[in-house]
Trainee: 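Following this message is one structure expressed as structure tokens.
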Amino acid sequence: YIKARTTGGRGSKSSTVVSFRTPDATPSYSVNSSHPRIFFNKSDISAIKESEERLAHLAHHDPLTGLANRLRFTANLEQALETAKRHQRKMALMYLDLDDFKPINDARGHSVGDEILKLVAARLARCVRAEDTVARLGGDEFAIILHEITRSEDAAAVARKVLGTLSEPLPFGEDTYRITASVGISIFPDDARRQDGLLRAADAAMYRAKESRSGDFEFHSHASGGHG
């Protein structure tokens with residue numbers, strides 16, 4: 001808590017001392033208005049630094065899964081595009097939507113649904129390289145940025161790995177769930193050269209994959225390799 005105390009009286013110079021205390025009532029530091037100096041001890045600085053790091057992490061990561069959130073995803077996608085342009089390389093964007101997740105969430109409740117999403121997130125993270133980005137965009141929608149690839153088939157290989165990994169049984173308590181997903185892929189520069197174009201292309205390909213059959217992937221451009 002914060003406590004203020006004014007010293008001095010009429011005709012004399014007054015000053016205000018503000019004391020800060022931690023929740024366990026241990027004095028943290030004081031500020032004297034007549035001599036504005038702030039004293040921090042080592043534990044104060046460590047606590048402030050940890051708090052700042054925690055806030056920075058929360059600002060850029062999904063609180064449920066720990067994956068990149070939409071803000072971090074957007075920044076990383078822009079960076080991936082700039083790198084691909086500079087090095088004259090391809091990059092891929094994958095949109096992923098879980099099939100039939102809503103019935104499980106509705107039947108078993110959000111607590112079970114949340115645990116399944118966390119397991120899915122962990123499996124997706126194992127399918128990509130350290131330099132790639134896996135993000136949760138909201139609900140049961142995810143995205144993957146493959147930062148630099150040599151050819152479109154590289155993205156197809158990752159999509160097959162993702163679908164194969166997700167199709168493995170998900171044990172949860174006494175129950176076992178099987179999750180499939182529909183994946184749409186857009187390629188820079190084949191499908192678009194700007195972020196908004198790549199996003200639209202991957203989204204359209206994902207819906208086309210969902211309409212054709214569950215547990216499949218589609219490229220936006222047939223010239224990029226067709227579907228899985």
Side-chain angles (χ1 to χ4, degrees), residues 49-50 52-98 114-170 179-195 197-199 201-203 205-206 209 215 217-220 224-225 228:
K49 185 177 180 180
E50 289 175 4
E52 290 175 345
E53 290 174 351
R54 187 161 53 250
L55 289 173
H57 181 84
L58 290 173
H60 295 93
H61 292 82
D62 174 55
L64 177 64
T65 63
L67 297 178
N69 61 12
R70 188 177 289 273
L71 180 65
R72 180 70 175 270
F73 162 77
T74 301
N76 285 10
L77 179 56
E78 188 62 35
Q79 181 184 22
L81 279 169
E82 290 302 319
T83 302
K85 291 174 183 177
R86 186 167 59 251
H87 296 167
Q88 297 184 333
R89 299 286 298 274
K90 292 179 182 289
M91 63 140 296
L93 171 62
M94 303 172 65
Y95 261 9
L96 185 150
D97 185 76
L98 302 183
D114 286 350
E115 291 302 317
I116 290 176
L117 289 175
K118 287 192 280 187
L119 290 171
V120 166
R123 290 188 176 188
L124 290 176
R126 294 199 303 266
C127 292
V128 300
R129 303 163 299 180
E131 63 266 30
D132 297 326
T133 299
V134 181
R136 181 182 178 222
L137 303 183
D140 59 353
E141 295 183 357
F142 298 83
I144 297 175
I145 304 170
L146 302 179
H147 283 250
E148 282 192 63
I149 59 175
T150 303
R151 54 201 178 100
S152 300
E153 179 56 33
D154 295 338
V158 174
R160 294 188 188 100
K161 186 177 182 180
V162 164
L163 295 175
T165 300
L166 292 183
S167 66
E168 296 173 1
L170 278 169
I179 299 293
T180 60
S182 298
V183 179
I185 307 171
S186 60
I187 303 291
F188 167 88
D190 302 7
D191 299 317
R193 300 188 63 87
R194 296 178 57 181
Q195 184 172 146
L198 280 176
L199 292 168
D203 189 55
M206 186 268 290
F217 69 90
E218 287 276 352
F219 281 96
H220 174 69
S224 297

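Numbers here simply count residues along the sequence, with the first being 1.
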Trainee: What pair of heavy atoms forms the shortest contact from Ala181 to Leu163, and how long is it?
Mentor: O-CD2, 3.3 Å
Trainee: Measuring from Thr74:OG1 to Asn69:CG, what's the distance to the nearest 0.5 Å?
Mentor: 8.5 Å
Trainee: Any non-hydrogen side-chain atom of Ile144 less than 4.5 Å from a side-chain atom of Val183?
Mentor: no
Trainee: Of all heavy-atom pairs between Glu141 and Asp97, which one has the smallest distance, and what is that distance?
Mentor: CG-OD1, 3.3 Å
Trainee: Please tabulate, for side-chain N and O atoms in residues 114-121, each donor-acceptor pair with protein atoms closer than 3.5 Å (sequence neighbours left out).
Mentor:
from: Glu115; atom 1: OE2; to: Lys118; atom 2: NZ; distance (Å): 2.9

Trainee: Give a yes or no on whether Gln88 atom CD has more than 12 heavy-atom contacts from other residues, nucleotides or ligands under 6.0 Å away.
Mentor: no
Trainee: Where do Ile187 and Ile149 land on the side chain to side chain contact (heavy atoms under 4.5 Å, CB included) test, with the steps shown first?
Mentor: CA-CA 10 Å; Ile187 303 291; Ile149 59 175; 4.1 Å; yes
Trainee: Give the minimum heavy-atom separation between Leu81 and Arg194, together with the two atoms involved.
Mentor: CD1-C, 4.1 Å
Trainee: May I ask you to decide if Thr165's main-chain N or O and Arg126's side chain share a donor-acceptor pair within less than 3.5 Å?
Mentor: no
Trainee: Nearest 0.5 Å, please: how far is OG in Ser186 from CG in Asp203?
Mentor: 9.5 Å
Trainee: Considering all heavy atoms of both residues, which atom of Ala125 and which atom of Val134 are nearest to each other, and what is their separation?
Mentor: CA-CG2, 4.2 Å
Trainee: Any donor and acceptor pair, going by atom type alone, linking the side chain of His147 with main-chain N or O of Glu131 inside 3.5 Å?
Mentor: yes
Trainee: Minimum heavy-atom separation for Ala192 to Gly197, with atom names?
Mentor: CB-C, 3.5 Å
Trainee: Looking only at atom types and distance, does a side-chain atom of Asp154 sit under 3.5 Å from a main-chain N or O of Arg151, one as donor and one as acceptor?
Mentor: yes
Trainee: For the atom pair CG (Leu71) and NE2 (His61), what is the distance rounded to the nearest 0.5 Å?
Mentor: 10.5 Å
Trainee: Just do the side chain to side chain contact (heavy atoms under 4.5 Å, CB included) check on Phe142 and Met94 with the steps written out, would you?
Mentor: CA-CA 8 Å; Phe142 298 83; Met94 303 172 65; over 6 Å; no
Trainee: Locate the shortest heavy-atom distance separating Pro189 from Lys90; write the atom from each residue and the value.
Mentor: CD-CG, 4.2 Å
Trainee: Report yes if some heavy atom in the side chain of Leu93 is under 4.5 Å from a heavy atom in the side chain of Phe73; otherwise report no.
Mentor: yes
Trainee: CZ of Arg70: more than 12 outside heavy atoms within 6.0 angstrom?
Mentor: no
